[in-house]
Amino acid sequence: MPKCELCEKKVKTTYKCTECGTRFCEKCGEKERNVCEDCIDYANGAMGQYKPDQKVEIEIDTD
Ligand SMILES: [Zn+2]
Ligand SMILES: [Zn+2]
């Protein structure tokens, strides 16, 4: 029986994440997109906010 690499439970079916290759169960990711929970979180974080150690140039209009 395949095992989910995220929750470590034995499940009927696992899906392989196209981002990191992790095999995950249907509860640990989006099987429709073949992306595991970790990669969904990463994608959301990357889109939603800047990393603190990342230098971001911001132009400020000083009128
Ligand atoms: Zn799982
Ligand atoms: Zn992944």
Side-chain angles (χ1 to χ4, degrees):
M1 211 178 244
K3 194 170 101 174
C4 170
E5 288 177 21
L6 292 182
C7 66
E8 302 196 326
K9 278 179 187 152
K10 283 179 183 170
V11 287
K12 249 190 246 174
T13 316
T14 54
Y15 308 88
K16 195 175 175 185
C17 175
T18 53
E19 295 291 324
C20 68
T22 296
R23 283 187 297 258
F24 61 94
C25 70
E26 58 185 350
K27 282 179 188 161
C28 293
E30 283 185 31
K31 58 178 180 178
E32 290 84 5
R33 285 161 56 200
N34 280 304
V35 195
C36 75
E37 210 171 50
D38 283 356
C39 291
I40 294 168
D41 285 353
Y42 180 78
N44 288 344
M47 280 189 286
Q49 67 205 27
Y50 291 113
K51 287 178 185 172
D53 60 346
Q54 198 173 30
K55 273 196 178 179
V56 183
E57 279 185 46
I58 305 165
E59 278 185 44
I60 302 164
D61 274 336
T62 48
D63 276 321

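Atom set for the values below is all heavy atoms of this structure, side chains included, hydrogens, waters and symmetry mates excluded. For ligands, and for the atoms within them, numbers begin at 1 and follow the listed sequence.
Pairing each heavy atom of Y15 with each of K31, the nearest pair is OH-CD, 3.4 Å. Nearest heavy-atom pair across V35 and I40 is O-CD1, 3.7 Å.
Distance check: C25 SG to E37 CD gives 8.5 Å after rounding to the nearest 0.5 Å. Rounding to the nearest 0.5 angstrom, the gap separating the OG1 atom in T18 from the CZ atom in R33 is 8.5 Å.
A heavy-atom distance below 4.5 Å is found between the side chains of C36 and L6.
Taking distances strictly below 2.8 Å, the protein N/O/S atoms close to the Zn ion (ligand 1) are C4 SG, C7 SG, C25 SG, C28 SG.
Listed by first and then second residue, the salt bridge (Lys or Arg N to Asp or Glu O under 4.0 Å) pairs that reach into residues 4-22 are E5-R23, sequence neighbours excluded.
Geometry at the Zn ion (ligand 2): SG/C39 and SG/C36 form an angle of 110°, nearest 10 degrees.
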